[in-house]
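Since the structure comes first, as structure tokens, the remarks are kept for the end.
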Amino acid sequence: MTKYQRITGMLDVLFDDQPYWRYILEKIRQTTDLFGYNRIDTPLLEQANLFIRGVGEGTDIVEKEMYIFEDRDGDYLALRPEFTAGIMRAYIENGMHTLPTPLRVWTVGPLFRHERPQAGRYRQHSQFDIEVIGERDPAVDVEVISLAWHLFTRLGFYGLRLYINSTGCPQCKPKYIQILVDYFSQFADKLPPNDQMRLKKNPLRILDSKEEATQPLLEDAPHITDHLCEECDTHFTKLKGYLEAINRTYIVDYRIVRGLDYYTKTVFEIKADGLGSQDTICGGGRYDGLIEELGGQPTPGIGFGSGIERYVIALRHLGITPPEEPFPKVTVSYLGEIAKLEALKLAESLREAHIGAQFTPGDRSFKAQLKAANRINAKFSIIMGENEVQVGQATVRDMENSEQTSVKLTEVVHWLTERL
RNA sequence: GCGGCUAUGGCUCAAUGGUAGAGCAUCUGGUUGUGGCCCAGAAGGUUGUGGGUUCGAGCCCCACUAGUCGCCCCA
């Protein structure tokens with residue numbers, strides 16, 4: 001068939017999707033403006049070690065999903081699989097700790113993970129991401145969640161669910177994991193192979209297992225929220241109180257365990273309908289140890305990533321249609337070579353006047369030119385023929401009622417401005 | 001990395017193992033300078049790739065590739 005094809009898991013965003021993207025990016029800007037966040041853009045490529053260190057060596061992302069390669073200088077580079085590590089690198093490298101605290105940033109762009117593609121999951125996908133650096137107050141946890149919620153409301157989403165949990169800290173998390181292992185070890189023989197493996201490798205993952213046999217065992221499984229240290233417990237309690245204060249309904253879901261090593265305390269997810277099995281539209285949490293881990297001063301942080309492709313799927317599912325892309329309301333048609341010159345000039349002056357115009361090239365039949373005007377839903381088509389050139393006038397055809405008016409060439413811009 | 005389903009013009013799909021078609025879209029014409037509706041015509045395919053079975057394969061078998069949905073995991 002075709003000689004070249006898309007790389008697996010990477011999408012062409014075609015015209016039918018573009019209005020959604022434009023709409024989404026507009027709403028993102030409005031929302032970040034509303035909350036006072038600064039945009040930051042970091043490179044798509046980083047030293048591979050940044051992610052190995054930042055995201056965690058044992059994580060799936062690092063272990064089997066990173067696009068990693070050696071460049072011409074022999075350095076190991078990786079296509080970024082997530083935003084946070086790169087932004088923290090930028091924060092440290094640019095001495096951004098001297099900026100007013102907390103530092104609030106946002107970004108949007110492509111990320112790369114070599115996973116098996118599926119509905120709502122692509123090897124190259126785009127995320128909207130925000131990070132707040134330098135503040136431990138759970139009030140910023142709430143701010144971050146609120147920002148996501150504002151965006152989704154603006155986009156027109158409904159039926160979303162907010163799930164929160166705490167993953168504790170280096171003090172209490174390991175103790176809880178031990179308690180969890182002890183609990184599931186009693187039922188080791190009842191666990192499906194999948195979860196037996198998790199019990200050994202990553203016990204927390206059993207909590208969000210979809211294995212049927214595991215479900216009854218989860219009923220009585222110990223919850224981390226009952227085993228938090230005092231600091232984490234206070235943080236979680238305040239978080240819930242603040243969420244209630246702003247009337248943000250939440251569900252405490254002790255089964256939320258996020259896949260990245262750096263999370264501490266607050267973790268959260270927002271889910272939407274209509275996405276198939278990949279229904280998380282926003283996921284994030286606090287990472288109070290990450291910046292120090294990457295070589296900076298001990299600094300707390302919190303953020304989330306949110307998948308734009310999933311927004312598009314969800315918007316479609318909910319029947320939310322973005323505004324149409326603006327398109328010129330005027331076309332310029334011509335008959336003959338002399339008139340073509342005038343038509344070109346006219347089209348150019350309409351663009352300079354910010355009216356915009358589309359010119360049909362190729363010396364097509366007049367019929368074809370009007371057809372093209374019709375196709376883009378033009379309100380007017382300006383007709384230039386030999387007759388018009390001779391008398392220095394253009395014929396302006398109203399495409400809705402087919403009425404034609406003669407307008408002096410020098411008056412065309414003015415005439416159209418009054419009617420558009 | 002594992003599993004189910006799928007693969008025919010740009011798109012959506014037809015074609016008892018026997019000459020690959022339709023609709024939509026595109027272009028042209030029906031009007032020496034007039035769009036939408038209608039009519040006519042043209043262009044567009046080595047049936048995803050490679051093997052095999054058969055007198056003969058779009059159709060049956062195998063492998064690969066890609067898509068899709070799911071698992072793992074995640075946005």
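Letters A, B, ... are given to chains in the order of the sequence lines, protein chains preceding strands, and every chain is numbered from 1.
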Measure from [atom1] on [X] to [atom2] on [N] and round the result to the nearest Å.
X	N	atom1	atom2	result
A:Q390	B:G33	CD	C1'	14 Å
A:F152	B:A75	CZ	C1'	10 Å
A:E400	B:G36	CD	P	16 Å
A:F268	B:A75	CZ	P	11 Å
A:D279	B:A75	CG	C1'	11 Å
A:R375	B:U26	CZ	P	5 Å
A:L275	B:C73	CG	C1'	16 Å
A:Q404	B:G35	CD	P	10 Å

What nucleic acid atoms does [X] come within less than 4.0 Å of, heavy atoms only: base, sugar-phosphate, or nothing?
X	result
A:L111	nothing
A:A119	sugar-phosphate
A:N387	base
A:L335	base
A:E269	nothing
A:E388	base
A:R364	sugar-phosphate
A:A368	sugar-phosphate
A:Y122	base

Requested in this report: Identify the heavy atoms of A:E131 and A:I87 that sit nearest to each other, and give their distance.
Outcome: CG-CD1, 4.0 Å
I want to verify a distance call: between [options], whose nearest atom is closest to the [X] side chain?
X	options	answer
A:Q278	B:C73, B:G35, B:U34	B:C73
A:P117	B:U68, B:G35, B:A75	B:U68
A:E65	B:C73, B:A75, B:G36	B:C73

Report yes if a side-chain nitrogen or oxygen of [X] is closer than 4.0 Å to either non-bridging phosphate oxygen (OP1 or OP2) of [N]; otherwise report no.
X	N	value
A:S365	B:G29	yes
A:S277	B:C71	yes
A:R116	B:U68	no

Requested in this report: Return the 5'-most residue of the pair A:E309, A:R121 with respect to RNA chain B, ranking by each residue's nearest nucleotide.
Outcome: A:R121
Query - 5' precedence on RNA chain B between A:G276 and A:G283 (nearest-nucleotide basis) - result: A:G276
Span that lies between the [atom1] atom of [M] and that of [N], in whole angstrom:
N	M	atom1	answer
B:C69	B:G10	C1'	25 Å
B:A15	B:A25	P	24 Å
B:G35	B:A43	C1'	23 Å
B:G41	B:A57	C1'	33 Å
B:G67	B:G51	P	23 Å
B:U6	B:G48	C1'	12 Å
B:A63	B:A7	C1'	16 Å
B:C59	B:C13	C1'	16 Å

Polar pairs (N or O, both sides) under 3.5 Å between protein and nucleotides 64-66 of chain B?
| unit_1 | atom_1 | unit_2 | atom_2 | d |
| --- | --- | --- | --- | --- |
| B:A66 | OP1 | A:T8 | OG1 | 3.4 |

Flag yes if more than 12 heavy atoms outside [X] fall under 6.0 Å of its [atom1] atom; otherwise flag no.
X	atom1	result
A:Q171	CD	no
A:Q215	CD	yes
A:E386	CD	no
A:K238	NZ	no
A:Q47	CD	no

Query raised in the report: Given the rule that a pair is Watson-Crick or G-U wobble with both distances under 3.5 Å, how would you write RNA chain B in dot-bracket, using | for pairs to a different strand?
Result: (((((((..((((....[..)))).(((((.......))))).....(((((..]....))))))))))))....
Query raised in the report: Testing A:F128, A:Y263, A:W149 for ring pair (Phe, Tyr, Trp, His ring centres under 6.0 Å) with A:F304, which one passes?
Result: A:F128
Query - Residue pair A:Q278 / A:Q118, side-chain heavy-atom distance below 4.5 Å - result: yes
Query raised in the report: Would you say A:R6 and A:L11 make side-chain contact, with heavy atoms under 4.5 Å?
Result: yes
Query raised in the report: Looking only at N and O atoms, is any donor in the side chain of A:K367 or the base of B:G36 less than 3.5 Å from an acceptor on the other one?
Result: no
Query raised in the report: Is there a donor N/O on one and an acceptor N/O on the other, under 3.5 Å, for the side chain of A:Q118 and the base of B:U68?
Result: no
Report task. Could you tell me whether A:F268 and A:Y250 have their ring centroids closer than 6.0 angstrom? Result -> no
Requested in this report: May I ask you to check whether A:S166 and A:Y254 show a side-chain donor-acceptor distance below 3.5 Å?
Outcome: no
Query raised in the report: Can the positive tip of A:R104 be found less than 6.0 Å from the middle of the six-membered ring of A:W106, inside 45° of the ring normal?
Result: no
Query raised in the report: Should A:F366 and A:Y334 be marked as a ring-ring contact (aromatic ring centres under 6.0 Å, His included) after you check the CA-CA gap, both sets of side-chain angles, and the distance that decides it?
Result: CA-CA 7 Å; A:F366 187 52; A:Y334 56 94; 9.1 Å; no
